[in-house]
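When reading the values below, keep in mind they use all heavy atoms of this one structure, side chains included, and skip hydrogens, waters and symmetry mates. Numbers restart at 1 for each chain; the letters A, B, ... are given by sequence-line order, proteins then strands.
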Amino acid sequence: MAQLFRPSVNTIARLVILGGLGLVFGGVGLAYLFAGSPYQTGATLIREQPVAFSHQHHVAGLGIDCRYCHSSVETSAAAGMPPTYTCMSCHSQVWNQAPMLAPVRQSLEENKPLEWNKLHQLPDYAYFHHGIHIQKGVGCVECHGRVDQMPLMWKAEPQTMSWCLDCHRHPEGRLRKPEDVFKMDSPRLPVEEGLELLKTHNIPVDRLTNCSVCHR
Amino acid sequence: MAQVHSTHGHEDNGHASSEILGGHQSYTTVTDTIADVVLKRPLGKAWLFGFAISFALLMMFLFAVTNLLVRGIGIWGVNIPVGWGFDIVNFVWWIGIGHAGTLISAILLLLKQDWRTSINRFAEAMTLFAVACAGLYPLMHMGRPWLFYWLMPLPNTMALWPQFRSPLEFDVFAVSTYATVSLLFWYVGLIPDLATLRDRATNPLIKKLYAIPALGWRGSAIHWHRYRTAYLLLAGIATPLVVSVHTIVALDFTIGIIPGWHTTVFPPYFVAGAIFSGFAMVATLAIPLRSYFGLKDYITDKHLDNMAKVMLVTGLIVTYGYMIEGFMAWYGANTYERYQMLVDRPTGAYKHDWWLLILCNCVMTQLLWFKSIRNNIILLWLISLVINVGMWLERYVIVVISLHSDFLPSSWGMYHGTVWDYMTFYGTIGLFMTLMFLFVRILPAISIAEMRELVHELHERDEARTQATPPAARTV
Amino acid sequence: MSNRTRSDFGSQDLSELRRKLAGSSGPQYWRSLEELAGTEEFERYLHREFPEQAAEWHDPVGRRQFLQLMGASLALAGVSGCVVRPEDKIVPYVKAPEHVVPGKPLYYASAAVQEGYGSGILVESHLGRPTKVEGNPSHPASLGATDLFTQASILNLYDPDRSQSVTLNGHLTSWDALLNALIDLRTVQLAKKGAGVRFLTGTVTSPTVARLMDQVLGPKFFPQARWHQYEPVGHANRRAGIRLATGTDAEAVHHIDKADVVVSLDADFLSWGPSKLRDARNLAIRREPGPENKNPIRLYVVEPTPSITGATADHRWPLSSEEIQAVAATLARAVGVSDLPSAATELKAPWLATLVADLQKSKGKSLVLAGETQPPAIHALVHAINQALGNVGQTLTYHEPVAALAPEGQSGSISELADDIRAGRVEALFILGNNPVYDAPSELGFAATGAESSSLLLKVPTVVHLGLFNDETAQVSTWHIPEAHFLESWGDVRAFDGSATIIQPLIAPLYGGRTASEVLSTLIDGTPLPSRSLVEDTWRGNRSDSDFTAFWTKSLHDGVIADSAAKPKSVSLKPLADISWPKAGTGKYELLFRPDPTIWDGSHSNNGWLQELPKPMTRVVWDNPALISKKTADQEGLKDGDILKLTLNGRILKVPVWVNPGHAEDAITLTLGFGRSEDAGYRGRVGAGVGFDTYSLRTQNGFWSTRGVLVEKTGENYPLYSTQGHNTMVGRDLIRTGTHADYAHDPTIGPTPYGVVMHHEAAGDHGAANGHGHAEETGITPHGADPAKGLIGFEYPEPYRRRNDGELGNRWGMSINLNACIGCAACVVACQAENNIPVVGKDQVGRGREMHWLRIDRYYATESRDAEPSANPATHFQPIPCMHCETAPCEMVCPVEATSHSAEGLNEMTYNRCVGTRYCSNNCPYKVRRFNFFQYSDQLTESLKLQRNPDVSVRTRGVMEKCTYCVQRLTKARIEAQIKSPDGNDAVPGDAVATACQQACPTRAIVFGNMNDRSSAVAKAKEDPRNYSLLAELNTRPRTTYLAKLTNPNTAIEA
Amino acid sequence: MSDIATIHESSHSPSSAATAGEVYGLIAEFIEPNDVVRAARRAYRAGYRKMDGYSPLPVAGLAEAIGFKKNRVATLVLIGGVTGACSGMFMQWFASTVHYPLIIAGRPYASWPSFVPITFELGILFAAFSAVFGMLILNGLPQHYHPIFNAPGFDLASQNRFFLCIEATDPKFHLTQTREFLESLGARNISLVEH
């Protein structure tokens, strides 16, 4: 009886089997990595904007408070985007001829709103309330990163559900003093003080992971 | 130099025959007859015809499923209150059918029932294909099937897990485990036969095709030794598995609080029912198979008789189950359950289904008490068909009737399968038959190695009977 | 039907309209929607304006395909959902309007108008989009509640089928063109003193419109013109009755709260009439046991057609209209009204004597009411009866008329209008809001049916029609003007007692609609004044500017104008002897016409919410079958759905029948408002082709009831779908009832007589509910041992009992008072509006797939087993929302954690996690879960998107949904509590938050709140001995529990 | 002397040219299973260790006869089963008490009775895998190429013939002596198996 295969086939066959197993487990791993990757979450990606607005310049440079433009951030679910008037309140005086700001002036003339490209986009079924986070001592920087170092805005965090949960499960390490909430460079409270804050601020950690906290 | 003898297997060895092995068989004859079905026998008209029909049904199935995915679950008859219909009915039905295969190959192996040898191979195949059909339904019945992977504990950016208390989650693990184990068991059993086909095939390509899955099996004594252990252990594992799987399927209902579901008798009588329907299906398949491929010597009337007896016993267990359900409803004095069991089922909107179920599963099986009927192949075949229908009805009764009238009369409703329900159901039958037809053409429908073993065993017995001195070697 | 009937929008029309919309009127068109302006959505919006899937909505097959298409697109979206998320825009304001904070709704006070009368409302507005209507607590007619029509009005506002531009003979034209025409017409008619001018309106209580009508009809303008008032379902008989009784015009106001005994002669005052919400509230108060209500109210009702009022009554007798008239006469004689017309017959019945005795026992504290369906004579009689019983001034008061009246000699009925038209005396007819072609009495010939080859209106040279819809009348009018919805226009209206409310717009007219006052002002001033200034002029009076601004702001804010109620009016009753007594008709069957409980007179027929709302009594949806009694059905050999051929003086109507337990025998009830069709010129995608046009049989004389109808069984059949297949409790302990007498002697209401004791629940149930308080604090539950304990050492997870800081947090619970519930279904619509619940269409309902989160179960029960059970059964309503079981069976079986429990006790449904196995619904003993078998919520029609509540996810195909206790409201309340309180405590005061159903309920049957606040209404309700949980023996431990129903039967009467 | 010479010669015969590297062993064919077992026993007694029997059906005693003591499959299965069960229970416990505890139907977070079925199934699954793959790995399968396939007529080993092969790596292996020894066992055909 003659051989059907060359000796090398033994090795090949075993490699094929191992490869198959690798494919199955590796595939799951890759899918997971992809789901968390900037390509999926849009984190760290800069998007073209109608006006090349620099947070770095306005926040770090001029020291304008977040609330000057995002006025409803302390009370409302929406932080609020500045109406054209807010921009023009300064830029009617300074840089009022700058070609860079032409779209703003045009918006005012034509009474046609500016259209910014959305960076932090939660799914429709996820409800986020800025006010309550501010009130409980979650600093802007926790979710938006060092905006004062962003010449052009980008999304600093993946903002996936698991990312939200990280904090909702253990807020203590991520809180700030009330007066530090809007300060970009302010430090987080040390954990034990954070735990103290949970008490004083009445933050029911064990309830922050209830589904209806974010989904309605 | 070693002169090469032209060694042919002409000399016949190890002769035997018995009521479970007709004719005068030897290693050679069993090998030839079974292997030739695959290697030599041309495609018959009947086979082509049957395959064509099955394949057509399979295509219809694909059409129905596409439509389901595009248009949504609403094309089925399901509604509120009857949230499950054909989907779960068929799921349970198929799973049940699957169980006979495992039972035959595993439990009967452990019980040293040598008559299993000639039917376990395609019984196992039947298991695989039935489970494949069953497994499709839980996927299809979801509102958003493309998210099926949420039922598996996979790493995800939502940091979420499945809900491990849910019977449906039990199902995910039970069914996938069952499918995997059955496949392994079946394949392990196939390895020596693949080697046989490899060595008998003449066409080099076909030789290679069988050689690859044969993994270079060479029948080494040491290999056989480990092989036997592994095979026996698999059988030992599969036995509790098969019981657990249908118990878990029963939990889908018993964990629910719906009157007609919430009853402790389900797990045992579901298992019995599974064996019941499974053996019916084996008979339904084996009878035509053996006559068409001329395997009457291997699947003898004795086999059919045994199967009929199993059907009778399990049929009686199932009947007992029905009676207990009714009795407990009455004895438990639970208004809702009483209404469900004693009023709605026998006299309600679905009474016809219920009475037909009783006729098929309880009345018809009583015929099997009579040897004459058990030995009348045609009658036996018809009865096995009736049982298949009856067991489908049983699941229909459990799923639909229980749901359509539960606690609040205000929310009672009716359910009827739509054309799409039927297309999907017949479609899976098409899938099952297609796979079966391919199987009997491509792989030995009877385990050749185990038949040789049987021949050897019987041969030894003969000798033991003739010779005073015990043989030097005994087989396991 | 006529050469003038408008053809569908031609393509040229379409582009023309686009130009118009994009043109000058564009900007203010979207004034309050700048956010949308210029976006792609807005573009698509313009394109979506025109009926594309017309007729898809009701035609089962069509609709299914329609849904499937959407399903398909969605399925694919779902598959490809896992690539990069879609790019989106942020569009801030150019100049932020004051008060508007993105993410925070605003509320404005206004009024909803029905049959001319107003009811105060508060409208929720998100960034300029009104999304929800609530009642105005400070308004006398609302008291904070709303009815189903008001709740649904928000959908009418956004209805994409509303008329969208001025048309001339069915072709698009411009408002300016109309103005020119009007001005010419004005000059012509001024010369003739308006001899050829006619106005047709409904009841008008708006002071502004009244003022303008006075001017128009006044000597300066058209003294020769006439003002005709007509309403298919209104208050004509009621007013005529008062005139007949008192000889003057007045408004009669009844005070249920002051009455101990109320007798209703077919007066369905709980679902009909300008004060229905107030009456319902008062009735509920007087039915509730308690120290302040020593002798609870007793309600007797005689009526032919079962109504929710009849269902609520303590005693009810199904009688034909004539028998009811006889009852009135008998009562009158019995209480000492001597001068009855000789024609008046009497009814001999043992119970009648008892009833009279009861009335006389409570003189001055009783009240007899006659329904609008009764002829004026009976109303007059009833006034006399109340007079005789000394109720006038007590439970019945007379006031200056609230509705505007035409000057002497210039008023007229619709039939007089028809005569004038026939005689060619009408040159210009102004139809302000009416739709006579559809709903006028059929013999008048406004509709081109029967004898008339074409509509009567075609005989009028100029017909100007103002209407919300491009309806049947619009088809045959010269000019059609889109009317502004009351939520998008300035106006004013008066309530039943005359209190006036300023109607303020929540949004600029979506389709450039106009108001009646604008049209009238054009005739007066030759140019249209903005309706705001017209309203201001009405109310300025002699106030100084500063005073007026203050007054105006206050009035707008309060939603009701201070002391504007109608002055009391002293009236003296006139002798009755010579009033014309209604003469009895001949013929076996009496044919009755009634407004449809959900579609009313047809003004809501394009409202999907109301079409799909089960009728309170029959639970039928999307149809108006003829209602008959079981006996009649047996006599004629009919069953539900059999088509009956009715022939009434030459006119034929084929209509399916529905057997309605408790219906009067030998009587057939037809409900109005259906049977509108494309070829009759109706353009509503939802309403067209639904039901049967019963108006075609309605005549002047047989307006509410008539005899002489020929009944013929056709043998044909028609699918009728009801959401409740089974009507009795099959002996199950679901609804508990008792009598006030029982209650006084033992407040624990056990299972109903026709219920069955399962395990003993006097302990069990109350334990499961109010003993629960215990469970929370001590961990011990009633029944001694916790059934779930033992085996696995059962205990609620710690956070379930108290917050991590040790304090009791919020523990939400609901209590539904079956004693107060009248089954009006306002809560169901409110829920639908609040929670973006889709409409699924008749076919899907027929398949058992309705989506209502909150349903009202209606059970019939008969104590006496001997009588025919369905002859006159007791009717019980039971609203069923999600029970939010603490050991929820649904949660146990969900394989993906899509439904779980919150620490505050909510059974939460996370739609976006649901994979749709439907196991939870199967395992729900209350069957309150609803599944999206197809893509039900309309994601294509832009205008409907505007209505959606932004705080609630819109569900997609293949997910389960259910009542959430309005979790969006709870979260809002909790967050606000945290932001407010110094230490950020999230505990919400017990009654601080209301669910949508609770807020709408006129009788406050639904109570919701934080049970941990012992002072909260819900906590108290749970302590009430009547409190019980549904199916308590399953140990699901529902958070929603019920208070048993108490009736107050007259023991002297054999039930 | 002469027979020594003949032996010496035969060792130089062409057949013996193929030794060391090329020769895999000598294989003998038997008809009846019992014969091959008997042969194996005697070969073992004769001091041969490196040998293997080949049969179309599991012949009991053959493995023992050639000195194969115990296979470790059973142990693997036990280990596999226990591992599976433990990991199953741990996964469920971790998920529902540590990682994301959710209140489900008011049940305790660690409601172990509900976790039993999945624990069991995973135990079974792992056990089955370790049985099959353990067997294959111990047997060194897949091994599509093997010198034994060079043996003439070996295709019958999967059908109806029984073989005993003494391998060249056996210290006692000698072409002619082993051949003679095999012949003395009553084998039908004895042939040289080359690599």
Trainee: For C:Val94 versus A:Ser107, what's the shortest heavy-atom pair and its separation?
Mentor: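 Result for this residue pair: CG2-OG, 4.0 Å.
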
Trainee: Only counting residues at least two apart or in another chain, list the ones meeting salt bridge (charged side-chain N to carboxylate O under 4.0 Å, His left out) with C:Lys972.
Mentor: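 C:Glu976.
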
Trainee: Sort out for me which of A:Lys118, A:His201, A:Lys136, A:His130 touches chain C most, counting heavy-atom pairs under 4.5 Å.
Mentor: A:Lys118

Trainee: Looking at C:Thr964, C:Asp951, C:Val101, C:Leu906, which makes the most heavy-atom pairs under 4.5 Å with chain A?
Mentor: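 Heavy-atom pairs under 4.5 Å are most numerous for C:Asp951.
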
Trainee: Could you tell me which residues satisfy salt bridge (charged side-chain N to carboxylate O under 4.0 Å, His left out) with C:Lys104, sequence neighbours excluded, listed by chain and number?
Mentor: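 Not a single residue meets the salt bridge (charged side-chain N to carboxylate O under 4.0 Å, His left out) criterion with C:Lys104.
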
Trainee: Using heavy atoms and a sub-4.5 Å threshold, report which of residues 208-216 of chain A line up against chain C, by residue number.
Mentor: A:Asn210, A:Cys211, A:Ser212, A:His215, A:Arg216

Trainee: Name, in order of residue number, those residues of residues 61-74 of chain A that have a heavy atom at a distance of less than 4.5 Å from a heavy atom in chain C; otherwise write 'none'.
Mentor: A:Ser72, A:Glu74

Trainee: Any non-hydrogen side-chain atom of A:Asn117 less than 4.5 Å from a side-chain atom of C:Lys89?
Mentor: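 Yes, close enough: below the 4.5 Å cut-off.
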
Trainee: Counting only heavy atoms not in A:Glu48 (residues, nucleotides, ligands), do more than 12 fall under 6.0 Å from its CD?
Mentor: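 No, CD of A:Glu48 has 12 or fewer neighbouring heavy atoms, counting only those of other groups under 6.0 Å.
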
Trainee: Of C:Thr956, C:Thr910, C:Asn912, which meets side-chain contact (heavy atoms from CB on, under 4.5 Å) against A:Tyr125?
Mentor: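 Per the side-chain contact (heavy atoms from CB on, under 4.5 Å) rule, the option paired with A:Tyr125 is C:Asn912, out of C:Thr956, C:Thr910, C:Asn912.
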
Trainee: Side chain, backbone, both or neither: which part of C:Glu908 has a heavy atom under 4.5 Å from chain A?
Mentor: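 For C:Glu908, side-chain heavy atoms alone lie under 4.5 Å from chain A.
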
Trainee: Which pair of non-hydrogen atoms, one from A:Ser76 and one from C:Pro102, has the smallest distance, and what is that distance?
Mentor: OG-O, 2.5 Å

Trainee: Could you tell me the separation between the CG atom of C:Asp88 and the NE2 atom of A:His120, rounded to the nearest 0.5 Å?
Mentor: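 Here the rounded value is 14.0 Å.
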
Trainee: Where do A:His129 and C:Ile979 land on the side-chain contact (heavy atoms from CB on, under 4.5 Å) test, with the steps shown first?
Mentor: CA-CA 11 Å; A:His129 194 289; C:Ile979 291 183; 4.2 Å; yes

Trainee: For A:Asn96, does the CG atom have more than 12 heavy-atom neighbours from other residues, nucleotides or ligands under 6.0 Å away?
Mentor: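 Buried by this count: over 12 neighbours within 6.0 Å.
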
